[in-house]
Amino acid sequence: MTTKRLSVGRRGFLKSAVALVATATAAPSGATVQDSPTTANQNWLALTRETALEPQLPIVDPHHHFWDTPDRTPERYLLAQLVADANGHNVRQTVFIECGSMYRADGPEEFRVVGETEFVQGIAAESASGRYGDLRAAAGIVGAADLRLGDRVAPVLEAHIAASPQRFRGIRHGGAWAEPGVLPDGSVATRGSNRPAVVPHLLLDSAFRRGYAHLRTYGLSFEGWVYHTQIPELTDLAKAFPDTTIICNHLGGPIGVGQYAGRRDEVFTAWKSAVAELARCPNVVAKVGGIQMVVNGYGWHQRKQPPTSDELLAANRDWYLYMIDRFTPARCMFESNFPVDRLSCSYTALWNQFKKLTKDFSASDRGAMFHDTASRVYRLPRS
């Protein structure tokens, strides 16, 4: 394992999930070791079924991905797959978040990331045709750029905006990094060499910050994807650039595996302290969700059946409520993180838990977290 380019291991997560489904005694009769990873995951998800609660409640899903590549699961996650997963919930709009999809194969290397925005712009146009229903996918697009380019990143940002002038909203240059040995091999994977590299203490890097300074010039936001041990670095970045909006991804990435396995209470205490300080930065908003990944340590993918919404809520409630308490509903938005979290639960159960979590909240607070905060932060058209 190297100290560079480590991120949440979709491949490692996939191997565990597929091995489980292929051997589970409760699996449907069609599930065998010959099943593709996608089929195995789909068969496993079918073992727990729920009906979407409050099907009229409008939702903006501000965090999902599209890809078409054989080394992920599902191998293909495009508009049809998203629409199928969201069926039953009233998902009005979504925001696409970079994931290394469809980079250009040639041309200047720093501009190859723009291929992802071009790819998703096409999907957004397909969705806007209405052929797939009322959902408007990728109404906002967040792409990638290597902010360590410093001042040289400016033309890359301009190229993203030119590729999607009505939808491009921000940049994610992932900073989730851990010391060697902290995360087990099954929970991390080598980051694609074509994606902007994750390096130790990226958010404090002077070259990164020179590039980051250009986001304000173009009115772009920044997706803060870190592990809980790095939340103070995200806070430092927010304080240094108070005019740039930061969206904290996945509750700040609490780790629950490797050296942190079995230490959830300890992690929760440290996480709460760091989140409280981050929440004091008015330019930061929080995504509530995205903690069903293998790195978070719940082990849903190792079960014979996927979790119900009640089981998800029991595990996640304290984390969610603390984040909402610190940031307030006006600065929180629920997220799916699909199809990454799809390896642990269904889209229906995931959003049902959010609805159950907030059943006693006011209508305005619920509206903020399910729809309004995301719509405002990403400047989405009225839906």
Side-chain angles (χ1 to χ4, degrees), residues 1-19 65 69 71-73 97-100 109 113 144-149 172-209 211-212 222-237 248-275 278 290-302 319 337 340-341 343-344:
M1 182 184 300
T2 67
T3 60
K4 295 184 179 180
R5 298 179 181 173
L6 295 182
S7 61
V8 176
R10 292 189 182 96
R11 295 187 189 101
F13 199 174
L14 153 63
K15 290 177 182 177
S16 297
V18 173
H65 311 291
T69 179
D71 63 353
R72 287 173 168 167
T73 235
I97 306 297
E98 69 85 27
C99 56
E109 185 156 351
V113 294
D146 187 351
L147 296 176
R148 293 191 305 154
L149 290 168
R172 184 168 77 163
H173 184 164
W177 173 87
E179 294 283 352
V182 170
L183 302 179
D185 290 344
S187 65
V188 296
T190 301
R191 187 177 175 88
S193 60
N194 59 343
R195 295 179 73 185
V198 177
V199 299
H201 311 298
L202 172 72
L203 305 186
L204 304 180
D205 181 81
S206 59
F208 170 89
R209 290 194 170 195
Y212 185 93
F222 179 72
E223 301 286 321
W225 169 219
V226 298
Y227 293 136
H228 77 271
T229 52
Q230 302 164 284
I231 294 175
E233 296 179 9
L234 189 62
T235 302
D236 188 271
L237 183 68
C248 177
N249 289 186
H250 313 333
L251 272 81
I255 302 174
V257 296
Q259 293 184 9
Y260 292 96
R263 298 166 58 190
R264 190 166 300 278
D265 290 346
E266 178 185 337
V267 170
F268 187 56
T269 298
W271 173 86
K272 286 196 297 182
S273 177
V275 163
L278 179 64
I291 58 169
Q292 313 315 315
M293 295 179 283
V294 68
V295 74
N296 304 120
Y298 289 113
W300 302 120
H301 62 295
Q302 296 173 330
W319 302 83
N337 192 33
V340 180
D341 281 22
L343 295 175
S344 290

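In what follows, residues are counted from 1 in the order of the sequence shown.
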Ring centers of H173, F222 separated by less than 6.0 Å
no
[X] and [Y]: which non-hydrogen atoms are nearest, and at how many Å?
X: W271; Y: L251; value: NE1-O, 2.6 Å
X: T235; Y: A274; value: OG1-O, 4.4 Å
X: C99; Y: R72; value: O-NH2, 2.6 Å
X: G290; Y: D341; value: CA-OD2, 3.5 Å

d(D236 CG, L278 CG) to nearest 0.5 Å is 11.5 Å
So how far is it from S344 OG to Q302 CD, rounded to the nearest 0.5 Å?
9.5 Å
Is there side-chain contact between [X] and [Y], with heavy atoms separated by less than 4.5 Å?
X: L183; Y: Y260; value: no
X: E179; Y: Q259; value: no
X: E109; Y: D146; value: no
X: I255; Y: V267; value: no
X: L237; Y: R209; value: yes
X: R264; Y: P254; value: no
X: M293; Y: N296; value: yes

Stepwise side-chain contact (heavy atoms from CB on, under 4.5 Å) test for Y298 and I291
CA-CA 9 Å; Y298 289 113; I291 58 169; 4.0 Å; yes
Going by side chain to side chain donor-acceptor pair (under 3.5 Å), name the residues that satisfy it together with E223, two or more places apart in sequence or in a different chain.
N249, K287, Y378
What do the steps show when you test W300 against Q292 for side-chain hydrogen bond (donor to acceptor under 3.5 Å, both in side chains), and what is the final call?
CA-CA 8 Å; W300 302 120; Q292 313 315 315; 2.7 Å; yes
May I ask you to decide if W225's main-chain N or O and H250's side chain share a donor-acceptor pair within less than 3.5 Å?
no
Please confirm whether the backbone N or O of D265 pairs with a side-chain atom of T269, one donor and one acceptor, at under 3.5 Å?
yes
Is the terminal nitrogen or CZ of R263 (NZ for Lys, CZ for Arg) located under 6.0 angstrom from the six-membered ring centre of F268 and within 45° of that ring's axis?
no
Review item, side-chain donor-acceptor pairs of residues 196-207, under 3.5 Å, at least two apart:
residue, atom, partner, partner atom, Å
H201, ND1, E233, OE2, 2.7
D205, OD2, A207, N, 3.1
D205, OD2, F208, N, 2.9

